[in-house]
Amino acid sequence: MSKTSQQNTTTDANGVSVIHTAAHTSGLQQVPQLVPVSPGGGGKAVPPSKQGKKNSFVDRNSDEYRQRRERNNMAVKKSRLKSKQKAQDTLQRVNQLKEENERLEAKIKLLTKELSVLKDLFLEHAHNFADNVQPVGTETTTTNPESSGQ
């Protein structure tokens, strides 16, 4: 933008300055330029839920205030109970898993011992079987007394 063009600056409800130039009134495409209101630049963004609320005095004796406090207190109690229940459920689940883990480890030990015994039996049987089998080609010939006389 040139220094010679006219500028009008307005601040909207959110505290944002909008600069209007001659281009806005001449029918050209309108592109607002956002400029922070505070000279430091950044600031905290206000959440939408709190933009409409004012920091006005709240009458602590009013019925509306009491109702809001009661609802909030009930919500807090409910949230704390839910959190406590979740922690208890988690602890219970941890204990169940520990017991299951111990049971499975005991089963692993038992099955490992059983495997070792069966392996030893198999190897012993295979060794005995190998000793009893004669190699092929070394047949023993027995003489038949009846056939030798013919």
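Counting begins at 1 with the first residue of the sequence.
- Asn101 CG to Gln96 CD: the interatomic distance, rounded to the nearest 0.5 Å, is 13.5 Å.
- With rounding to the nearest 0.5 angstrom, the CD1 atom of Ile108 is 12.5 Å from the CG atom of Leu115.
- The structure places CG of Leu118 at 11.0 Å from CG of Leu123, a figure rounded to the nearest 0.5 Å.
- If you take CZ on Phe122 and NE2 on His125, they are separated by 8.0 Å, rounding to the nearest 0.5 Å.
- The two residues Arg60 and Arg66 make their nearest non-hydrogen contact at O-CD, 4.2 Å.
- Atom-to-atom distance recorded for Leu111:CG and Lys113:NZ is 11.5 Å, nearest 0.5 angstrom.
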- Message: Determine whether Glu124 and His127 satisfy the following criterion, side chain to side chain contact (heavy atoms under 4.5 Å, CB included), listing intermediate values before the conclusion.
- Response: CA-CA 5 Å; Glu124 183 180 331; His127 181 68; 5.8 Å; no
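- For residues 85-95, the side-chain hydrogen bond (donor to acceptor under 3.5 Å, both in side chains) pairs, not counting sequence neighbours, are Gln85-Asp89.
- Within 6.0 Å of the CD atom in Glu64, the count of heavy atoms belonging to other residues, nucleotides or ligands does not exceed 12.
- Between Ser116 and Asp120 there is a side-chain heavy-atom pair separated by less than 4.5 Å.
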